[in-house]
Engineer: 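So that we are looking at the same thing, I have put the structure below in structure tokens.
Each chain gets a letter, A, B and so on, in the order its sequence line appears, and its residues count up from 1. These numbers come from a predicted model, not from an experiment.
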Amino acid sequence: MIKQHVKQMVLDAARTAHAAGVLASDDFPDIILEEPKIGAHGDLATNFAMAGAAAQKMAPRKIAEAVVDHITDPDGLIEKTEIAGPGFINFFIRPSAWLPVIQEIHQQDMAYGTENLGDGQKVQVEFVSANPTGPLHIGHGRGAVVGDSIAALLDFCGYRVEREYYINDAGRQILTLGRSVYLRCCQLAGQNVEFPEDAYQGDYIKDIARSVIAEKGQSLFDMPRDKAEEELAGQAAEQILAGIRQDLENLGVCFDRWYSEQTLYDTGKVEAAIAFLKQKDLIYEHEGALWFCATEFGDEKDRVVVRQNGQTTYFASDIAYHLEKYERGYDRVIDVWGADHHGYVPRLTAAISAMGRQSSQFTVILTQLVNLLRKGRPVSMSTRAGQFVTLSDVISEVGRDAARFIFLTRHHESPLDFDLEVAKAKTNDNPVYYVQYVHARISSICKKAADENPDAQKSPESADLQRLSEAEEIALIKKMGKYPEVLSGAAALMEPHRIAYYLMDLAALFHAYYNKHRVLTDDTKLSTARLHLVVAVQKVIRNGLKLLGVSTPEIM
RNA sequence: GCGCCUGUAGCUCAGUCGGAUAGAGCAACGGACUUCUAAUCCGUAGGCCGCAGGUUCGAAUCCUGCCAGGCGCGCCA
């Protein structure tokens, strides 16, 4: 808000200076105001003079002088301006000018920070979408948390968001699942059968087999093997999916819709999608297979949609799926994938262009791999031996809040070292507690305040916020004033980690303040003002943590 | 070989639109609890921003080339 004001003041000043003949050109650059890293450079600074030097044919410092000379500031927002370095104009804002931020936070409360970026557009975020052939691992956890948080963020910023999980319950991997369970059943029944390498090795298959044997007993072997495998496949997939759902729930991740790949086949949508592309003349036959002309849309080669043997590829159902997404009316579709699928991006993007969609309507977020460590040493994750630490193991060991926060304190495209011991530590190694502690501390203050003076918190309007003049107080208020900007930046770039870092910064300012000053003092009016300040801090922390899916404890 | 991602303090990581003197936490060292929660705070120390060029008033940030690590290059999913 203040930023906008100052921006306008600079522009007005430049215009006035031009009208007065001090500036030669009225071709002004965009006015960019930034917060200098160093306090001595003021609260806000602009490079306006440097950026405009070419058009004005003047030395930057001369331009800066002209602007500063023509600034009018009726509200007395600015305490001081100065021209520095190569031509920066630095603005020092009168500290009390920041105070209205507190009222704003109290008024908007849960909605503080909202910016209507989405304008009601419908967005679908599809994430996790792991095959129901085994339990989730930590990499899925990262995708789950990043996807969930992006969805929350977009939701908060004016999009109508739906979260969706795509279930790959068709195709070969499901058949393999059925066969794996069947063979384990045979072994349990004492039959001497080979368990092939390409079957699923994990112990969870044995567990499923045990439950099958317990339920069906010998009757399993009375039916034809094909039939048995098919039935077991469905049963196993269902059981595994239930486990996946439970794991995600434990992580605080819920979906609006679970979409089955098989239904795309059952309802003829895969065929329809191929027919659709055929009709656009984008499908051709070659060596007995059907190919999609992906190269026409920027992919490096054409891709098979129907194999020589007549079976469709995964790509074919994915085309159908995404076609269906847009038919459902989403303005934007966001897919969150593991980085090991990045080679697949151009192909699907090509298909979506072929559907006539704009590139802005489709975004793939790739999350990089997670290295699971314990005390700095890699935890062995041998899938072949069937020995791996599952997501479920990790969550029950370190807890949901810590797990989520760790996933969200890295850019999603950076590889992530997840150290189980660090994740459990209740120290500043683990900043989630650092942030939550702010919330708990303020709760504690409020409780005490309520005991001492029940009226103090009731009417924010009555508080004399002018009493807030300590440097730490102004720093906190300024920081909170930036929250909406941080959010819209995070939403626009789909980078929730920005919120996490913001919260850590805000938490640091609060803890410093807490250690230096008392909120509740003998001076009732001062206490009331400070109480309103810290409750505002608590609200910002709460709003931020909510977007990250992290809880806000009253007591720690 | 080609493509994508990553490379910033001893370790784990931030760094927006190119901005002024490079930012946290951990680890190290020295301090602060009779107080609203010490899961906290204050201070010290720590840098060839992978390397080399280029663009410009100005580069960790943009461009080119190289180096290192990860991932991907199926009629698999």
Engineer: Is A/Lys516 touching bases, backbone alone, or none of the nucleic acid, heavy atoms closer than 4.0 Å?
Structural biologist: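 No contact.
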Engineer: Side chains of A/Tyr513 and A/Val537: closer than 4.5 Å at any heavy-atom pair?
Structural biologist: no
Engineer: Answer yes or no for this row: A/His497 ring on B/rA14 base, centroids under 5.5 Å, planes under 30°.
Structural biologist: no
Engineer: Hey, does the side chain of A/Tyr434 come within less than 4.0 Å of B/rC41's phosphate (OP1/OP2), counting only N and O?
Structural biologist: yes
Engineer: Say we look at B/rA59 and B/rU16: how far apart would their C1' atoms be, to the nearest angstrom?
Structural biologist: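 Each nucleotide's C1' atom is 15 Å from the other's.
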Engineer: Measuring only the P atom in each nucleotide, how far is B/rA39 from B/rC26? A whole number of Å is fine.
Structural biologist: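 B/rA39 and B/rC26 have their P atoms separated by 14 Å.
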Engineer: Across the strands shown, which category fits A/His511 at heavy-atom distances under 4.0 angstrom: base, sugar-phosphate, nothing?
Structural biologist: sugar-phosphate
Engineer: Rounded to the nearest Å, what distance is computed from the CG atom of residue A/Asn430 to the P atom of nucleotide B/rC26?
Structural biologist: 11 Å
Engineer: Taking everything shown except A/Lys482 itself, do over 12 heavy atoms lie less than 6.0 Å from its NZ?
Structural biologist: yes
Engineer: Is it the case that the side chains of A/Thr427 and A/Tyr433 hold a donor-acceptor pair, with the cut-off being a distance below 3.5 Å and no angle test?
Structural biologist: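 No donor-acceptor contact under 3.5 Å links the two side chains.
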Engineer: Touch check for A/Tyr501, heavy atoms < 4.0 angstrom, all strands: base, sugar-phosphate only, or nothing?
Structural biologist: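 Sugar-phosphate: the residue A/Tyr501, judged by heavy atoms under 4.0 Å, touches backbone atoms but no base.
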Engineer: When all nucleic acid strands are considered with a 4.0 Å heavy-atom cut-off, which category describes A/Ile174: base, sugar-phosphate, or nothing?
Structural biologist: nothing
Engineer: Using a 4.0 Å cut-off on protein heavy atoms (strictly under), produce a 5'-to-3' string for nucleotides 69-77 of chain B with B for base contact, S for backbone-only sugar-phosphate contact, and - for none.
Structural biologist: --BSSSBSB
Engineer: Taking OP1 and OP2 of B/rA14, is either one under 4.0 Å from a side-chain nitrogen or oxygen of A/Ser414?
Structural biologist: yes
Engineer: Just the rounded figure in Å: distance from P of B/rA39 to CG of A/Asp401.
Structural biologist: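 It is 18 Å, rounded to the nearest whole Å.
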Engineer: With a 4.0 Å limit, can you tell me whether A/Lys37 has a side-chain N or O closer than that to the phosphate oxygens OP1/OP2 of B/rA20?
Structural biologist: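 Yes, because at least one side-chain N or O of A/Lys37 sits under 4.0 Å from OP1 or OP2 of B/rA20.
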Engineer: Could A/Arg441 and A/Phe510 be counted as a cation-pi pair, given that NZ or CZ must be under 6.0 Å from the ring centre and within 45° of the axis?
Structural biologist: no
Engineer: Closest nucleotide of RNA chain B for A/Ala512 versus for A/Ile89: which of these residues is on the 5' side?
Structural biologist: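 Between the two, 5'-proximity favours A/Ile89.
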Engineer: Separation of A/Met504 atom CE from B/rG15 atom C1', in whole Å?
Structural biologist: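 Roughly 12 Å, once rounded to whole Å.
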Engineer: Whether A/Glu397 and A/Arg374 form a salt bridge (side-chain N of Lys/Arg under 4.0 Å from carboxylate O of Asp/Glu) is what I want to check.
Structural biologist: yes
Engineer: On a whole-Å scale, what distance lies between the P atoms belonging to B/rC13 and B/rC73?
Structural biologist: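 Each nucleotide's P atom is 25 Å from the other's.
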Engineer: Answer yes or no: does atom CG of A/Asn309 have more than 12 heavy-atom neighbours from other residues, nucleotides or ligands under 6.0 Å?
Structural biologist: yes
Engineer: Looking only at atom P, what distance separates B/rA9 and B/rG18, rounded to whole Å?
Structural biologist: 24 Å
Engineer: More than 12 heavy atoms of other residues, nucleotides or ligands under 6.0 Å from CD of A/Glu230: is that the case?
Structural biologist: no
Engineer: Under 4.0 Å, counting only non-hydrogen atoms across every strand here, what does A/Ala84 touch: a base, just sugar-phosphate, or nothing?
Structural biologist: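 Since a base atom lies under 4.0 Å of A/Ala84, the category is base.
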Engineer: Quote, to the nearest angstrom, the P distance that separates B/rG23 from B/rG46.
Structural biologist: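 After rounding to an integer number of Å, I get 15 Å for this pair.
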Engineer: Can you find a heavy atom in the side chain of A/Leu282 that is under 4.5 Å from one in the side chain of A/Phe292?
Structural biologist: yes
Engineer: Check the chi torsion on B/rC33 and let me know: syn if it falls within 90° of 0, anti if not.
Structural biologist: syn
Engineer: Rounding to an integer number of angstrom, what distance separates B/rA20 and B/rA32 when you compare their P atoms?
Structural biologist: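 Nearest-Å result for B/rA20 against B/rA32 at atom P: 37 Å.
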Engineer: Side chain of A/Met50, heavy atoms from C-beta onward: which of B/rU12, B/rC57, B/rU6 has the nearest atom to it?
Structural biologist: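 The answer is B/rC57, which lies nearest to the side chain.
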Engineer: Do A/Asp505 and B/rA14 share a donor-acceptor pair, side chain to base, under 3.5 Å?
Structural biologist: no
Engineer: Identify whether any heavy atom of A/Ala425 sits under 4.0 Å from a base atom; if not, whether one sits that close to sugar-phosphate; answer base, sugar-phosphate or nothing.
Structural biologist: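 If one applies the 4.0 Å heavy-atom cut-off, A/Ala425 turns out to touch nothing in the nucleic acid.
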Engineer: Determine the interatomic distance between P on B/rC67 and the same-named atom on B/rC57; round to the nearest Å.
Structural biologist: 33 Å
Engineer: For A/Leu416, report the nucleic acid contact type (base, sugar-phosphate, nothing); a contact means any heavy atom under 4.0 Å.
Structural biologist: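 Here A/Leu416 touches the backbone only, sparing every base.
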Engineer: Please check if the number of heavy atoms outside A/Glu271 that lie under 6.0 Å from its CD is greater than 12.
Structural biologist: no
Engineer: Can you check the A/Leu509 CG to B/rG23 C1' distance for me, whole Å?
Structural biologist: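 To the nearest whole Å, that distance equals 14 Å.
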Engineer: Roughly how many Å apart are B/rG10 and B/rA27, using the C1' atom of each and rounding to a whole number?
Structural biologist: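 Result for the C1' pair: 8 Å, nearest Å.
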Engineer: Run through RNA chain B and report every stem of 3 or more consecutive Watson-Crick or G-U pairs, distances under 3.5 Å, ordered by first number.
Structural biologist: B:1-7 with B:67-73, B:10-13 with B:23-26, B:28-32 with B:40-44, B:50-54 with B:62-66
Engineer: So, does A/Tyr433 get its side chain near the phosphate of B/rA39, meaning an N or O under 4.0 Å from OP1 or OP2?
Structural biologist: no
Engineer: Whole angstrom is fine here: how far is it from CZ in A/Arg61 over to P in B/rG58?
Structural biologist: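 That distance rounds to 17 Å.
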Engineer: Does NZ in A/Lys525 sit with more than 12 non-hydrogen atoms of other residues, nucleotides or ligands closer than 6.0 Å?
Structural biologist: no
Engineer: I need the CG-C1' distance between A/Asp522 and B/rU35, as an integer number of Å.
Structural biologist: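 One finds 12 Å between C1' of B/rU35 and CG of A/Asp522, rounded.
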Engineer: Please determine which of A/Leu153, A/Leu408, A/Leu503 meets the side chain to side chain contact (heavy atoms under 4.5 Å, CB included) test together with A/Leu547.
Structural biologist: A/Leu153
Engineer: Send over the distance from A/Phe48 CZ to B/rG19 C1', rounded to a whole Å.
Structural biologist: 17 Å
Engineer: State the syn/anti category of B/rC42 according to its glycosidic angle, syn meaning within 90° of 0.
Structural biologist: anti
Engineer: Does atom NE2 (A/His411) have a neighbourhood of more than 12 heavy atoms from anything else shown, all under 6.0 Å?
Structural biologist: yes
Engineer: Which residues, if any, of residues 481-492 of chain A bring a heavy atom under 4.0 Å of RNA chain B?
Structural biologist: none
Engineer: Which part of the nucleic acid, if any, lies within reach of A/Glu35 when heavy atoms closer than 4.0 Å are counted: base, sugar-phosphate only, or nothing?
Structural biologist: nothing
Engineer: Identify whether any heavy atom of A/Asp451 sits under 4.0 Å from a base atom; if not, whether one sits that close to sugar-phosphate; answer base, sugar-phosphate or nothing.
Structural biologist: nothing
Engineer: Report the nucleotide, chosen from B/rG15, B/rC17, B/rC13, that has the shortest atom-to-atom distance to any side-chain atom of A/Asp417.
Structural biologist: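 So the side chain of A/Asp417 is nearest to B/rC13.
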Engineer: Are a donor atom and an acceptor atom from the side chains of A/Gln436 and A/Ser551 found within less than 3.5 Å of each other?
Structural biologist: yes
Engineer: Categorize A/Arg410 for me: base, sugar-phosphate, or nothing, with a 4.0 angstrom heavy-atom threshold over every strand shown.
Structural biologist: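 Touches sugar-phosphate only.
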Engineer: Under 4.0 angstrom, heavy atoms only, what part of the nucleic acid is A/Lys426 near: base, sugar-phosphate, or nothing?
Structural biologist: base
Engineer: Should we count CG of A/Asp522 as having more than 12 external heavy atoms under 6.0 Å?
Structural biologist: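 Counting other residues, nucleotides and ligands, CG of A/Asp522 stays at 12 neighbours or fewer.
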Engineer: Can a donor-acceptor pair under 3.5 Å be found between the side-chain atoms of A/Asp429 and the base atoms of B/rG25?
Structural biologist: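 Per atom types, no contact qualifies.
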Engineer: Is it the case that the ring center of A/Tyr321 lies less than 6.0 angstrom away from the ring center of A/Tyr166?
Structural biologist: yes
Engineer: Tell me: CD1 of A/Ile442 to C1' of B/rU40, nearest whole Å?
Structural biologist: 13 Å
Engineer: I'd like to know whether CD of A/Glu413 has more than 12 heavy-atom contacts from other residues, nucleotides or ligands below 6.0 angstrom.
Structural biologist: yes
Engineer: A/Asn47 side chain N/O closer than 4.0 Å to the phosphate oxygens (OP1, OP2) of B/rG18?
Structural biologist: no
Engineer: Please tell me which of A/Glu413 and A/Glu495 maps to the more 5' nucleotide of RNA chain B, matching each residue to the nucleotide holding its nearest heavy atom.
Structural biologist: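 Nearest nucleotide further toward 5': that of A/Glu413.
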Engineer: Just to be sure I understand the rule, does A/His412 reach a base, reach only the sugar-phosphate, or reach nothing, if contact means heavy atoms closer than 4.0 Å?
Structural biologist: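 A/His412: no heavy atom of the nucleic acid under 4.0 Å.
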